[in-house]
*Asks:* 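Just dropping this structure here.
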Number of protein chains: 2
Amino acid sequence: MTDDRRSGCPINLTLEVVGDKWSLLIIRDMMFGNRRHFRELLTKSEEGISSNILADRLKTLLEAGIITREDDPSHKQKGIYSLTEQGIELLPILAQMAAWGYKYLPVSEELGIRARLLSEGGPKMWAEFMDELRQTHLGHVRRKKGLSVGERLQAAYERVAKRNDPA
Amino acid sequence: MTDDRRSGCPINLTLEVVGDKWSLLIIRDMMFGNRRHFRELLTKSEEGISSNILADRLKTLLEAGIITREDDPSHKQKGIYSLTEQGIELLPILAQMAAWGYKYLPVSEELGIRARLLSEGGPKMWAEFMDELRQTHLGHVRRKKGLSVGERLQAAYERVAKRNDPA
DNA sequence: GCCAACCGATTGCAATTTGCAACTGGTTGC
DNA sequence: GCAACCAGTTGCAAATTGCAATCGGTTGGC
């Protein structure tokens with residue numbers, strides 16, 4: 001971890017932290033797929049990250065203060081990774097990326113549905129989702145009123161996935 | 001240019017196109033610094049990109065339909081790079097990155113002022129700025145009423161830069 | 001017409017990063 | 001006690017990055 005920066009530009013600094021091909025995908029899986037353990041992130045990812053890269057990125061994200069790690073009381077070896085407030089606030093970047101990719105790139109139907117809903121929901125829905133993430137990752141109390149944004153996104157995904165693969 | 005994708009997820013696809021350390025910085029310079037020639041992008045960048053990387057990224061961005069290149073009538077060797085509509089619509093991603101970096105990373109004062117204004121301006125200001133980019137890059141007519149967003153950002157930057165280095 | 005400065009790249013090469021596969025040392029459940 | 005699972009680590013090859021020098025051509029000044 002050398003801390004020589006190319007410049008003090010906020011966009012550049014952000015890219016130096018999360019501007020690689022994997023970090024934001026890990027964040028995405030933590031946010032939308034609720035992956036919290038190493039194995040979950042390793043095996044349940046669409047893209048198939050390898051374990052050394054995952055370990056390296058988790059370390060980097062830890063050092064950057066984007067995630068935290070604590071021991072899982074149910075299993076001595078398991079660690080639970082959580083997003084920090086700083087990590088949760090990466091959501092708008094992911095949402096904009098999802099919207100742009102949905103509009104211009106050959107997105108698959110199952111994986112695109114969440115992007116569409118999130119894009120249509122706009123900043124208001126993002127804020128709501130970030131509040132839910134604060135509850136699950138920072139231990140804030142949950143106020144419970146109907147389906148959460150996370151649940152709605154997941155349900156929409158499963159509907160499309162099941163429709164396309166009714167096996 | 002192999003087109004095997006890791007997954008059809010919109011975020012992943014977006015990262016495969018612009019998820020490296022340089023592409024978005026080039027877009028940033030085209031948007032905020034109005035760099036349109038190879039030399040300008042090469043020498044006037046804060047971070048000091050090297051020429052082979054720049055050439056490679058410009059080629060990639062061309063193939064992805066994010067920028068276009070046309071000959072400069074004033075110089076047979078010069079090319080003018082322009083953003084496409086698709087490229088202009090990367091602005092919200094850059095704006096969110098700027099806002100996040102401004103909030104959480106050690107941004108320099110000069111380079112941070114634009115991020116602050118852009119963040120405070122919100123989606124409305126982004127839309128206005130994107131309209132201006134359509135004018136300069138896509139040749140849309142300019143309706144002229146007061147200072148443009150680009151001019152305001154530039155003026156703010158120069159005020160801070162001059163204050164900090166009154167040489 | 002000549003030459004220096006500038007133009008958009010390209011090339012060779014070393015250093016870094018990535019990615020795969022196998023493996024480690026340990027824990028848990030049956 | 002043993003198979004399955006856990007979070008990583010290691011060795012090594014391949015790909016990417018980054019620097020410096022260079023290329024062939026264009027332009028402006030004289």
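The basis for the numbers below is simple: all heavy atoms, side chains too, and nothing from hydrogens, waters or symmetry mates. Numbers restart at 1 for each chain; the letters A, B, ... are given by sequence-line order, proteins then strands.
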*Asks:* Considering heavy-atom distances to DNA chain C, does A:Ser74 or A:Ser51 have its closest nucleotide positioned more toward the 5' end?
*Replies:*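 Nearest-nucleotide comparison on DNA chain C picks A:Ser51.
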
*Asks:* Please check the phosphate of D:dG18 (OP1 and OP2 only) for any side-chain N or O of B:Trp22 closer than 4.0 Å.
*Replies:*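 True: B:Trp22 side-chain N/O within range (under 4.0 Å) of D:dG18 OP1/OP2.
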
*Asks:* Starting at CD1 of B:Ile26 and ending at P of C:dA9, how long is that distance when rounded to a whole Å?
*Replies:*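 Atom-to-atom, B:Ile26 to C:dA9, this comes out as 12 Å.
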
*Asks:* Taking atom P of D:dA15 as reference, at what distance in whole Å does atom CG of B:Asp56 sit?
*Replies:* 15 Å

*Asks:* Are B:Glu109 and B:Arg163 close enough for a salt bridge, meaning some N to O gap below 4.0 Å?
*Replies:*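 Yes.
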
*Asks:* Rounded to the nearest Å, what distance is computed from the CD atom of residue A:Gln77 to the P atom of nucleotide D:dG8?
*Replies:*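 My rounded result for the distance is 9 Å.
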
*Asks:* For B:Lys78, is there an ion pair with B:Glu70 - N to carboxylate O distance below 4.0 angstrom?
*Replies:*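 Salt bridge between B:Glu70 and B:Lys78, a charged N being under 4.0 Å from a carboxylate O: no.
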
*Asks:* Rounding to a whole Å, what distance do you find between A:Asp72:CG and D:dC6:P?
*Replies:* 11 Å

*Asks:* With a 3.5 Å cut-off and heavy atoms only, can you find an N or O donor on one side and an acceptor on the other between the side chain of A:Ser50 and the base of C:dT18?
*Replies:* no

*Asks:* Would you indicate which nucleotide in C:dG26, D:dG8, C:dG8 comes nearest to any side-chain atom of A:Ala55?
*Replies:*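 It is D:dG8.
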
*Asks:* Between A:Glu46 and B:Arg6 (salt bridge meaning N to carboxylate O under 4.0 Å), is one present in this structure?
*Replies:*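 No salt bridge links A:Glu46 with B:Arg6.
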
*Asks:* Hey, which of these two, A:Leu58 or B:Lys21, hits DNA chain D nearer its 5' end, going by closest nucleotide?
*Replies:* A:Leu58

*Asks:* Less than 4.0 angstrom from a charged side-chain N to a carboxylate O is my criterion; do A:Glu16 and A:Arg5 meet it?
*Replies:*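 The answer is no: the pair does not qualify as a salt bridge.
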
*Asks:* How many whole angstroms separate atom CD1 of B:Ile53 from atom P of C:dT16?
*Replies:* 15 Å

*Asks:* Ignoring the backbone of B:Arg69, work out which of D:dG8, C:dA9, D:dT17 is nearest its side chain.
*Replies:*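 Of the candidates, C:dA9 comes closest.
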
*Asks:* For B:Arg57 and D:dT17, is the shortest distance between a side-chain N/O and OP1 or OP2 below 4.0 Å?
*Replies:*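 Checking D:dT17 against B:Arg57, a side-chain N or O does come within under 4.0 Å of OP1 or OP2.
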
*Asks:* Any idea which of C:dT18, D:dC6, D:dG8 is nearest the A:Tyr81 side chain?
*Replies:*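 Out of C:dT18, D:dC6, D:dG8, the nucleotide with an atom closest to A:Tyr81's side chain is D:dG8.
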
*Asks:* Looking at A:Asp72 and A:Arg36, is any side-chain nitrogen of the basic one under 4.0 Å from a carboxylate oxygen of the acidic one?
*Replies:*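 Judged by the 4.0 Å cut-off on N to carboxylate O distance, A:Arg36 and A:Asp72 do not form a salt bridge.
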
*Asks:* Take A:Asn52 and A:Arg6, find for each the nucleotide of DNA chain D with the closest heavy atom, and name the residue whose nucleotide sits nearer the 5' end.
*Replies:*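 Closer to the 5' end of DNA chain D: A:Asn52.
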
*Asks:* When the distance from CD of A:Glu47 to C1' of C:dG19 is rounded to whole Å, what number comes out?
*Replies:*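 It is 15 Å, rounded to the nearest whole Å.
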
*Asks:* Calculate the interatomic distance between A:Glu40 atom CD and D:dC5 atom P; express it in whole Å.
*Replies:* 14 Å

*Asks:* Please tell me if B:Arg39 has a side-chain N or O lying less than 4.0 Å from either OP1 or OP2 of D:dT26.
*Replies:* no

*Asks:* Once you round it to whole Å, what is the distance between P of D:dG25 and NZ of B:Lys76?
*Replies:*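 Going from B:Lys76 (NZ) to D:dG25 (P), I get 13 Å.
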
